[in-house]
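Reading through the structure tokens given below for one structure.
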Amino acid sequence: MIDVRGVSKSYGSVQALNDIQFQIDEGSCFGLVGPNGAGKSTFMKILVGVLQKFDGDIQVFNKSVKQNRQAVKHFIGYVPQDICLEELLTAKDNLMYFGRLYGLSGEHLRKRIRTVLDQIGLSDKANQKITEFSGGMKRRLNIGCAILHEPSLVVLDEPTVGIDPQSRHSIFALIQQLKEMGSTVIYSSHYMEEVEQICNSVGFIDKGILVEHGTMKHVLNKHRSASIFVSADGIGKEELSLYGDTIEKKTGFTVNCDDPLLTMGKMIEQFQQSGINPERLELSQARLEDIFFYLTGTQLRDNG
Ligand SMILES: Nc1ncnc2c1ncn2[C@@H]1O[C@H](COP(=O)(O)OP(=O)(O)OP(=O)(O)O)[C@@H](O)[C@H]1O
């Protein structure tokens, strides 16, 4: 189990984390979600031992990151947000370099490199210099370097920012494989649909505060509510606010109300009377993104 015990961290006057407490079960995939500047990277860096000055403690599989930093580091694979590779080397040589840093050598290292290249979908690019790689390929290789030593905990800081769909798909498949192999995965992202798809538990972080956490099922059920999505010429936020709390989205409005079916009926009546022909009028269940907004009032990113 990962047991986070009252972790706080300040950078001068900026409180990046404020008394964070939660647990993650062994073998689960935990998504840490929050907007830019929420404190995700700071938390990850504390967990993996990169940041050592902080209040509180984290027990990783019964070992304190404060007191057993070296031991904990050994069973963690950390993929930082910024790609950390040797540009002039080939993919294989990068893996060789990182493998040696983790204490691997000889035939065992060569075998692990073959396995990892296959897992990250880059076997046919093994001998290519990474200056020729796309951003997504570099990110996959960056993950490969972190899992060579078969860590029981894999920590990925926003691994899918700004990458192509093929690399995104490959990273999802890899996380799935890691889960199946029994690794614990901690994954930070501001892409809610990704987290909903691959994680079985989640934590919402906003301005350094953990506002909600638990299994995906628990969080979705606890805050699940239906809303109406409306996109129509001739109707705006002011008119829709009469039906309920209205949020403007890129392509229309979301109206939150107590009885969405009844409200939808009333809307249809009004639209017919006013000659309004909506482009979209839909009943939708709250997704993680809506729940995050409801709890924090903060949008994670532009949405439609
Ligand atoms: N080295 C630092 N010195 C000063 N302030 C910092 C430092 N690192 C982070 N911060 C501040 O701490 C807060 C949390 O930053 P952090 O990078 O942990 O957030 P994040 O959720 O990972 O954001 P992003 O998604 O943009 O990476 C922000 O206000 C940030 O500006």
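Counting convention: from 1, in listed order, for ligands and their atoms alike.
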>> I'd like to know whether the aromatic ring centres of F229 and F253 sit less than 6.0 Å apart in this structure.
In response: no
>> Quick check on G12 - does any of its heavy atoms sit under 4.0 Å from an atom of ligand 1?
In response: no
> Would F43 and F22 count as a close aromatic pair, with their ring centres under 6.0 Å?
Replying inline: yes
> Relative to the heavy atoms of K40, which atoms of ligand 1 are at a distance of less than 4.0 Å?
Replying inline: 18 (O), 19 (O), 20 (P), 21 (O), 22 (O), 23 (O), 25 (O)
>> Distance under 4.0 Å to a non-hydrogen atom of A38: what atoms of ligand 1 satisfy this?
In response: 19 (O), 20 (P), 21 (O)
> Quick one: nearest non-hydrogen protein atom to atom 18 (O) of ligand 1, plus distance?
Replying inline: T42 OG1, 2.5 Å
>> Heavy atoms only: which of G34, G208, S188, G37 lies closest to atom 13 (C) of ligand 1?
In response: G37
> Do the charged groups of K138 and E87 touch, with an N to O distance under 4.0 Å?
Replying inline: yes
>> Would M44 count as a contact residue for ligand 1, given that I'm defining contact as a non-hydrogen atom of the residue lying under 4.0 Å from a ligand atom?
In response: no
> For atom 17 (O) of ligand 1, what's the nearest protein heavy atom and its distance?
Replying inline: S41 CB, 3.7 Å
>> My question is simple, although I want it checked carefully: is atom 3 (N) of ligand 1 less than 4.0 angstrom from any protein heavy atom?
In response: yes
> Should you measure from each heavy atom of Q81, which atoms of ligand 1 turn up under 4.0 Å away?
Replying inline: 27 (O)
>> Please determine whether any non-hydrogen atom of G39 lies less than 4.0 Å from an atom of ligand 1.
In response: yes
> Does atom 30 (C) of ligand 1 have a protein heavy-atom neighbour under 4.0 Å away?
Replying inline: no
> By number and element, which atoms of ligand 1 are closer than 4.0 Å to a non-hydrogen atom of E158?
Replying inline: 25 (O)
> Taking the six-membered ring of F54 as reference, does the NZ or CZ atom of K66 fall below 6.0 Å from its centre and within a 45° cone about the axis?
Replying inline: yes
>> When you compare the side chains of S8 and D19, does any donor N or O come within less than 3.5 Å of an acceptor on the partner?
In response: no
> Looking only at heavy atoms, is any part of P35 under 4.0 Å from ligand 1, and if so is it the side chain, the backbone, or both, or is it neither?
Replying inline: backbone
> Where the side chain of S170 meets the backbone of Q166, is there a donor-acceptor pair that is under 3.5 Å apart?
Replying inline: no
>> Taking salt bridge (Lys or Arg N to Asp or Glu O under 4.0 Å) as the criterion, tell me which of E196, E194, E193 meets it with R287.
In response: E196
> Would you say the side chains of T160 and R168 form a donor-acceptor pair under 3.5 Å?
Replying inline: no
> Do V14 and ligand 1 have an N or O pair less than 3.5 Å apart?
Replying inline: no
> Is the shortest side-chain N to carboxylate O distance from R110 to E107 below 4.0 Å?
Replying inline: yes
